[in-house]
Amino acid sequence: MIKAIRGMHDVLPTESAAWRYIERTFRQLMDSYGYGEMRMPVVEKAALFVRTVGEATDIVEKEMYNFVDRNDERLCLRPEGTAGCVRAGIENGLLQRSGPQRVWYCGPMFRRERPQKGRYRQFHQFGVETFGMAGPEIDAELLLLTARLWKMLGINGLELQINSLGTVAARARYRQQLVAYFNGYLEQLDSDSQRRLKTNPLRILDSKNPSMQAVIDGAPKLCDCLDDESEKDFSRLCALLDAAGVAYSVNPRLVRGLDYYEKLVFDWVGTIGAQSTVCAGGRYDGLVSQLGGPVTPAAGFALGIERLLALLDEEKLAALKPVSDAYLVLAGEAAREHGLVLAESVRDTLPELRLRVNCGDGSFKSQLKRADRSGASLALILGEDELAEARITVKYLRQERQQQTIPQTALTALLREEICNHVQERG
RNA sequence: GUGGAUGUAGCUCAAUGGUAGAGCCCCGGCUUGUGGUGCCGGUGGUUGUGGGUUCGAGUCCCAUCAUCCACCCCA
């Protein structure tokens, strides 16, 4: 039997209800802040990510799904959304003299990692990118809207960590200091960190190895090397967050795996298996020009939808299971035929009604059982008796109430009264 | 990519190296046309896959695939 590719998963009808709920919430949130939706291709030129994410990063070095197209172009499945979003913005003229842009997107990303909880080879991100706004106000807006998102979804217990990496120049200076420092303690570094010293020395700072903590604690601090502008923006951002009542902690060791970040970076952390980051982002003022666009300040973040789902309250998820409103029970061949026709006319007038028709075999008893399990509040019964008189029986499955047999012509009015008038918004 | 645990019915799990089982789900009956609780019966398995050891393997060995965990990495 052919099975799904490792690390790639099917979303079943019971689970997709939660996905729809989350996606609906994203749309609501983004609408309320005035962000527009972008939809980018899943396949891009590999060079796009090599140049932006960074040649020496794990994502590019060993996790990308690369392939050569029939015309010998080197393509890949996108490992993240920001680079493609910037490429699309430049290519479509969104970043040429058109003022600030606020956009979002949602879709699958691909990284060939070893799967575990909260980490899959095809995973899904909700991403937000802003262009043309330099100040810390837009950074604060991004953090405020994520905080609002947690509130909308009923997620508690995420912690906001922020840090400033400084400008590219400041970070390069710091990197030199750091390499010099760690080179003096080479024998105390574990093998991972010795490797990182050459590839991404800032990463050594968030090593989980307890035996390295002493060396790390003695390392020069990034915040001591910050340029004036980064420092000023960072403290301004802190003041904005304070004013808005968003709690955060400054984590001087918070760094990024993607090369394009500078100045502000942030993480919303929780616990999903061994993974902690749910949502992460920052500022990437150099990326647009690096990809051939005009010099454009930019900031954004991405959020892992699978990780977000893992944080959703079980009770809340259970309440999202798809249910029908009414289930049409059909006894006898004539009723089966007439039932389909009747259901169509009901849907003509009540499109928001969720009506499931029993199709195929099933005893009367088992049809009622299916009606019950469908979650329907009403069973509509059409048998030989009803058919002969052009009537239909309505049985209340969720209330102590006598069933009634009414003319079929009165059915839509009854359904509108009993169900449609009480239906709130639903996904 | 490294180390470890696990893999039996649709689901959750049993089964000293000796005839593969239970609960839930599904179908039918008790009730000629009345669900949710009860009772009875039934369908459903190349024991992840491929080799090997053995008279005999779900069980032991090897490989492989997948899931989970810790690294690594990251959303």
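Letters go in sequence order (proteins before strands), and every chain restarts at 1.
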[X] has an atom [atom1]; how far is it from atom [atom2] of [N], in whole Å?
X       : N       : atom1 : atom2 : result
K369(A) : rG33(B) : NZ    : C1'   : 16 Å
D192(A) : rC72(B) : CG    : C1'   : 6 Å
W150(A) : rA75(B) : CH2   : C1'   : 10 Å
K208(A) : rC74(B) : NZ    : P     : 11 Å
D190(A) : rC73(B) : CG    : P     : 10 Å
R256(A) : rC73(B) : CZ    : P     : 14 Å
E306(A) : rC74(B) : CD    : C1'   : 13 Å
R114(A) : rC65(B) : CZ    : P     : 10 Å

Please work out if [X] contacts a base, only the sugar-phosphate, or nothing of the nucleic acid, heavy-atom cut-off 4.0 Å.
X       : result
G118(A) : base
G7(A)   : sugar-phosphate
N209(A) : nothing
E386(A) : base
A302(A) : sugar-phosphate
A331(A) : nothing

So, is [X] close to the [N] phosphate, meaning a side-chain N or O under 4.0 Å from OP1 or OP2?
X       : N       : value
S366(A) : rG28(B) : yes
S363(A) : rG28(B) : yes
R370(A) : rC27(B) : yes

Considering only [options], which nucleotide approaches the side chain of [X] most closely?
X       : options                   : value
R196(A) : rC73(B), rG35(B), rA70(B) : rC73(B)
I381(A) : rG33(B), rA75(B), rG35(B) : rG33(B)
R195(A) : rG28(B), rA75(B), rC73(B) : rC73(B)
D372(A) : rG36(B), rC71(B), rC73(B) : rG36(B)
R6(A)   : rG1(B), rU67(B), rC73(B)  : rU67(B)
E384(A) : rC71(B), rA75(B), rG33(B) : rG33(B)
Y120(A) : rG35(B), rC68(B), rG33(B) : rC68(B)
K3(A)   : rG48(B), rG35(B), rC72(B) : rG48(B)

Using purine N1 to pyrimidine N3 plus N6-O4 or O6-N4 for Watson-Crick, or N1-O2 and O6-N3 for G-U wobble, both under 3.5 Å, which nucleotide pairs with [N]?
N       : value
rA66(B) : rU6(B)
rG56(B) : none
rU37(B) : none
rA20(B) : none

Is there, by distance only and without an angle test, a donor paired with an acceptor across the side chain of [X] and the base of [N] below 3.5 Å?
X       : N       : answer
Q403(A) : rU34(B) : yes
K365(A) : rU34(B) : no
R119(A) : rC73(B) : yes
R112(A) : rG1(B)  : no

Could you give the distance separating [M] and [N] at their [atom1] atoms, to the nearest angstrom?
N       : M       : atom1 : result
rA57(B) : rU43(B) : C1'   : 28 Å
rG38(B) : rG21(B) : C1'   : 24 Å
rC65(B) : rC25(B) : P     : 38 Å
rU59(B) : rA14(B) : C1'   : 13 Å
rU54(B) : rU12(B) : C1'   : 33 Å
rU47(B) : rC30(B) : C1'   : 36 Å
rG29(B) : rG36(B) : P     : 13 Å
rU8(B)  : rU67(B) : P     : 14 Å

For [X], is the [atom1] atom crowded, meaning more than 12 foreign heavy atoms sit under 6.0 Å from it?
X       : atom1 : result
Q188(A) : CD    : yes
I5(A)   : CD1   : no
E61(A)  : CD    : yes

Original post:
Which class fits the ring pair Y181(A) and Y185(A): parallel under 30°, tilted 30 to 60°, perpendicular over 60°?
Top reply: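 Plane angle between 30° and 60°, so tilted.
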Original post:
Would you call the rings of Y261(A) and Y284(A) parallel, tilted or perpendicular, where under 30° means parallel and over 60° means perpendicular?
Top reply: perpendicular
Original post:
Closer to the 5' end of RNA chain B via nearest nucleotide, is it R203(A) or I272(A)?
Top reply: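 Upstream on the strand: I272(A).
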**OP:** Using the closest heavy atom to pick a nucleotide of RNA chain B for each, name whichever of T393(A) or E400(A) lands nearer the 5' end.
**Re:**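 Looking at RNA chain B, the more 5' nearest nucleotide goes with T393(A).
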**OP:** Answer yes if the side chains of S249(A) and Q161(A) hold a donor-acceptor pair under 3.5 Å, and no otherwise.
**Re:** no
Subject >> Side-chain donor-acceptor contact under 3.5 Å, Q404(A) with Y396(A) >> reply: yes
**OP:** State, with a plain yes or no, whether a side-chain heavy atom of R391(A) is found less than 4.5 Å away from one of I406(A).
**Re:**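 Side chain of R391(A) against side chain of I406(A), heavy atoms only: no contact under 4.5 Å found.
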Original post:
Is the side chain of R111(A) donor-acceptor paired with the backbone N or O of P79(A) at a distance under 3.5 Å, no angle test?
Top reply: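 Judged by distance alone, yes, a pair lies under 3.5 Å.
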